[in-house]
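By convention here, the first residue in the shown sequence is residue 1.
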Amino acid sequence: MLLLIGLVGSVVVPRVDGLYDSVVLGGEREDILNRLRELPLVARHQGQEVSLSGATAQSLLPADSISDWTLSASQGLRYRANGFCTGGTVTLNHGSGRSWRYNLEAPFCVPREIEDA
């Protein structure tokens, strides 16, 4: 009986750990996307253009796990002072090897995941 419990535990425990990692990863990714969705408001509030590169891209990443994530945007992706953006694509990479690509279509630039075929 003890052997059976050990075998079941060895199969179930890794899956629970993977589920936890998946939930945390999904939450962090959604947080980054929410910050990306807020950029038009930031540009309007500041009254100046915001370019999605370098420090701006880094500021969208969660502070407690910033080393795990990278965000890169297509060249020229900018949010104008009126809140509209020029459009482009962004790629979100996690240190685990997972990555997601999003299309941001002008003028509103709502992130829509690009499904790889």
Side-chain angles (χ1 to χ4, degrees):
M1 181 66 165
L2 194 54
L3 178 62
L4 183 60
I5 292 172
L7 287 173
V8 170
S10 68
V11 172
V12 172
V13 171
R15 289 186 181 173
V16 170
D17 189 39
L19 177 64
Y20 173 78
D21 288 344
S22 179
V23 169
V24 169
L25 188 69
E28 289 177 348
R29 181 171 57 106
E30 193 59 36
D31 184 42
I32 295 167
L33 289 174
N34 285 336
R35 293 175 187 195
L36 189 59
R37 289 179 191 110
E38 292 172 354
L39 279 180
L41 298 174
V42 170
R44 279 190 77 172
H45 180 71
Q46 292 177 352
Q48 63 186 19
E49 186 174 278
V50 174
S51 176
L52 188 57
S53 63
T56 303
Q58 285 295 104
S59 72
L60 299 178
L61 303 176
D64 56 341
S65 60
I66 195 166
S67 62
D68 295 337
W69 293 95
T70 58
L71 177 68
S72 57
S74 58
Q75 190 172 359
L77 180 54
R78 291 187 291 280
Y79 293 83
R80 297 198 170 108
N82 62 6
F84 294 124
C85 96
T86 59
T89 59
V90 295
T91 304
L92 185 56
N93 296 298
H94 187 261
S96 67
R98 303 254 346 246
S99 66
W100 299 265
R101 287 185 42 205
Y102 296 91
N103 183 44
L104 288 84
E105 190 174 320
F108 301 114
C109 289
V110 176
R112 300 206 192 286
E113 189 168 1
I114 299 171
E115 300 291 332
D116 292 326

Novice: State, to 0.1 Å, how close Gly83 and Pro40 come at their nearest heavy-atom pair, and which atoms those are.
Specialist: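 Closest approach of Gly83 to Pro40: O-CB, 3.1 Å.
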Novice: Could you name each residue pair satisfying disulfide bond (SG atoms under 2.5 Å apart) that touches residues 31-60, not counting sequence neighbours?
Specialist: none
Novice: Using every non-hydrogen atom in the two residues, find where Arg80 and Thr86 come nearest and quote the distance to one decimal.
Specialist: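 Heavy atoms of Arg80 and Thr86 come nearest at NH2-CG2, 3.5 Å.
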Novice: side-chain hydrogen bond (donor to acceptor under 3.5 Å, both in side chains) with Asn34: which residues, sequence neighbours excluded?
Specialist: Arg37
Novice: Report the residues that fulfil side-chain hydrogen bond (donor to acceptor under 3.5 Å, both in side chains) with Arg29, sequence neighbours left out, ordered by chain and then residue number.
Specialist: Tyr102
Novice: Go through the structure and list residues passing side-chain hydrogen bond (donor to acceptor under 3.5 Å, both in side chains) with Asp68, not counting sequence neighbours.
Specialist: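 Counting only residues at least two positions away or on another chain, Asp68 forms no side-chain hydrogen bond (donor to acceptor under 3.5 Å, both in side chains).
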Novice: In chain order, what residues pass the side chain to side chain contact (heavy atoms under 4.5 Å, CB included) check against Ser74, with sequence neighbours excluded?
Specialist: Leu77, Thr89
Novice: How would you list, by chain and number, every residue that makes a side chain to side chain contact (heavy atoms under 4.5 Å, CB included) with Thr70, sequence neighbours excluded?
Specialist: Asn93
Novice: Show the numbers, then the answer: is there a side chain to side chain contact (heavy atoms under 4.5 Å, CB included) between Trp69 and Leu25?
Specialist: CA-CA 10 Å; Trp69 293 95; Leu25 188 69; 3.5 Å; yes
Novice: Which residues satisfy the side-chain hydrogen bond (donor to acceptor under 3.5 Å, both in side chains) test with Gln58, sequence neighbours excluded?
Specialist: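 If we apply the side-chain hydrogen bond (donor to acceptor under 3.5 Å, both in side chains) test to Gln58, skipping adjacent residues, there are no hits.
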Novice: Under 4.5 Å between side-chain heavy atoms, chaining through other members, with only Ile, Leu, Val, Met, Phe, Trp and Tyr counted: pull out the rest of the cluster around Phe108, sorted by chain and number.
Specialist: Phe84, Val110
Novice: Could you walk me through whether Leu104 and Leu36 pass side chain to side chain contact (heavy atoms under 4.5 Å, CB included), step by step?
Specialist: CA-CA 10 Å; Leu104 288 84; Leu36 189 59; 4.2 Å; yes
Novice: Can you pull the salt bridge (charged side-chain N to carboxylate O under 4.0 Å, His left out) pairs that have at least one residue in residues 92-102, sequence neighbours excluded?
Specialist: none
Novice: Applying ring pair (Phe, Tyr, Trp, His ring centres under 6.0 Å) as the test, list every pair that has at least one member in residues 27-49; sequence neighbours left out.
Specialist: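 Every candidate ring pair (Phe, Tyr, Trp, His ring centres under 6.0 Å) pair involving residues 27-49 fails, so no pair, neighbours aside, qualifies.
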Novice: Listing request: all disulfide bond (SG atoms under 2.5 Å apart) pairs with a residue in residues 48-85, at least two apart in sequence or in separate chains.
Specialist: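 Only Cys85-Cys109 qualify under disulfide bond (SG atoms under 2.5 Å apart).
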Novice: Enumerate the salt bridge (charged side-chain N to carboxylate O under 4.0 Å, His left out) contacts for residues 38-62, please, sequence neighbours excluded, ordered by first and then second residue.
Specialist: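 Salt bridge (charged side-chain N to carboxylate O under 4.0 Å, His left out) check on residues 38-62 returns Glu49-Arg78.
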Novice: Could you give the distance from CG (Leu71) to OG1 (Thr56), rounded to the nearest 0.5 Å?
Specialist: 10.5 Å
